[in-house]
> 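What follows is a single structure, and I will ask about it in a moment.
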Amino acid sequence: VAEYLVGAKLQLRLGDGAATPKNVNTPNLDQPADFPVGTAAIEVTVNPPDNRHLSQIKRILDNTTLQVWLLVRLRDRERWQNVVDASFSEPLAGRVVTADIETFVGQNVSEIGGFDDGRVASALGTLFTMYNERWLPAAGTSGLRIVSGDPDAK
């Protein structure tokens, strides 16, 4: 869910070409991370710190000039940051931004909505529609739909 939601958010904010729906369990060996965008390699994980993601970050840092955006759950952000800091010396560690998925997605939805409650709700509805209609069918996981609990939501 997290990777698809980030992908839908990137499409909403940057346009359709910014991210391509794919099955989350099918690695794309042609790209360094879940979402290469500009000079960033955006990697999404809901796992606690693990060797697979640390190795992937190391490959990106060693083989590219990209900045790594590691998006993790809010509750794991500090732990991931500590592991990244302990695993990579400067200047490599300085190329890794550890942020939480919730803020990464939510901040842009708030900005798109102009920080107006009604427009933010509309932007969130657009994000959920993009996630449900573009990302889930492409991945074959329609059981992971997001729906609003708001009785007035369309």
Side-chain angles (χ1 to χ4, degrees), residues 1-112 120 123-149:
V1 172
E3 184 177 323
Y4 302 150
L5 195 54
V6 167
K9 176 265 181 178
L10 289 169
Q11 282 187 329
L12 179 65
R13 190 72 169 125
L14 303 174
D16 287 345
T20 304
K22 66 175 181 65
N23 185 308
V24 72
N25 294 319
T26 306
N28 182 346
L29 302 176
D30 295 332
Q31 60 188 45
D34 293 323
F35 305 104
V37 179
T39 59
I42 302 171
E43 183 63 22
V44 182
T45 183
V46 294
N47 295 326
D50 59 28
N51 287 332
R52 184 177 76 80
H53 283 94
L54 289 171
S55 295
Q56 181 179 14
I57 292 167
K58 181 170 179 17
R59 277 193 308 277
I60 295 167
L61 295 175
D62 287 346
N63 299 321
T64 75
T65 59
L66 298 172
Q67 182 178 43
V68 177
W69 278 69
L70 177 62
L71 302 181
V72 301
R73 288 192 235 188
L74 176 61
R75 71 179 188 203
D76 293 331
R77 199 210 65 75
E78 185 176 357
R79 188 163 49 158
W80 263 108
Q81 184 65 60
N82 291 336
V83 170
V84 165
D85 290 345
S87 299
F88 305 105
S89 60
E90 287 296 335
L92 294 181
R95 289 179 39 213
V96 180
V97 175
T98 306
D100 65 273
I101 298 161
E102 297 88 339
T103 301
F104 185 80
V105 172
Q107 180 177 346
N108 279 173
V109 170
S110 295
E111 290 170 356
I112 291 167
V120 168
L124 190 59
T126 300
L127 175 68
F128 290 168
T129 298
M130 191 173 287
Y131 168 91
N132 289 331
E133 294 179 5
R134 291 186 189 173
W135 286 79
L136 293 184
T141 55
S142 60
L144 299 173
R145 291 179 54 81
I146 296 176
V147 295
S148 174

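Quick caveat: nothing in here was measured; it's all calculated off a predicted structure.
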> Does the side chain of V46 come within less than 4.5 Å of V1's, by heavy atoms?
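Contact flag for V1/V46 side chains = no.
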> Within the supplied structure, the quantity of interest is the number of heavy atoms (other residues, nucleotides, ligands) at a distance under 6.0 Å from D62 CG; does it exceed 12?
yes
> E43 and I57: side chain to side chain contact (heavy atoms under 4.5 Å, CB included), yes or no, with the steps?
CA-CA 9 Å; E43 183 63 22; I57 292 167; 5.8 Å; no
> Report the residues that fulfil side chain to side chain donor-acceptor pair (under 3.5 Å) with Q107, sequence neighbours left out, ordered by chain and then residue number.
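Per chain and number, Q107 pairs via side chain to side chain donor-acceptor pair (under 3.5 Å) with E111.
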> Does the side chain of T45 reach to within under 4.5 Å of the side chain of L70, using non-hydrogen atoms?
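Yes. Closest side-chain heavy atoms under 4.5 Å.
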> Can you find a pair of side-chain heavy atoms, one from L5 and one from I146, that are under 4.5 Å apart?
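Yes - at least one pair of side-chain heavy atoms lies under 4.5 Å apart.
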> Applying side chain to side chain contact (heavy atoms under 4.5 Å, CB included), name anything that partners T129, two or more places apart in sequence or on another chain.
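Listed in chain order: E133.
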> For residues 14-21, which side-chain N or O atoms pair as donor and acceptor with protein atoms under 3.5 Å away, sequence neighbours left out?
{"residue": "D16", "atom": "OD1", "partner": "R134", "partner atom": "NH1", "Å": "2.5"}

> Taking the side chain as every heavy atom from C-beta outward, state whether Q67 and V97 have any atom pair closer than 4.5 Å.
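Answer yes - side chains close enough.
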> In the structure I gave you, are the side-chain heavy atoms of W80 and L54 within less than 4.5 Å of one another anywhere?
yes
> Looking at every heavy atom in both K9 and V105, which two are closest together, and how far apart are they?
CG-CA, 4.1 Å
> Specify whether W69 and F104 have parallel, tilted or perpendicular ring planes, treating 30° as the upper limit for parallel and 60° as the lower limit for perpendicular.
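Geometry flag for F104 against W69: tilted rings.
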> Got a sec, which residues hit side chain to side chain donor-acceptor pair (under 3.5 Å) with R59, two or more places apart in sequence or on another chain?
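Side chain to side chain donor-acceptor pair (under 3.5 Å) list for R59, sorted by chain: empty.
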> Where do P32 and L66 come nearest, in terms of heavy atoms and distance?
CG-CD1, 3.8 Å
> Among pairs that include at least one residue of residues 95-104, which meet side chain to side chain donor-acceptor pair (under 3.5 Å), considering only residues two or more places apart or in two chains?
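Matches after skipping sequence neighbours: Q81-T98, D100-T103.
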> Where is the tightest heavy-atom contact between A33 and Q56, given as atom of each residue plus distance?
CA-NE2, 3.6 Å
> Mind checking side chain to side chain contact (heavy atoms under 4.5 Å, CB included) for I112 and listing every partner two or more places apart, or none if nothing turns up?
L12, R13, A123
> Compare all side-chain heavy atoms of I42 with those of L10 and state whether any distance is below 4.5 angstrom.
yes
> Would you check if D34 and L71 make a side-chain contact, meaning some heavy-atom pair closer than 4.5 Å?
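D34 does not reach L71 side chain to side chain.
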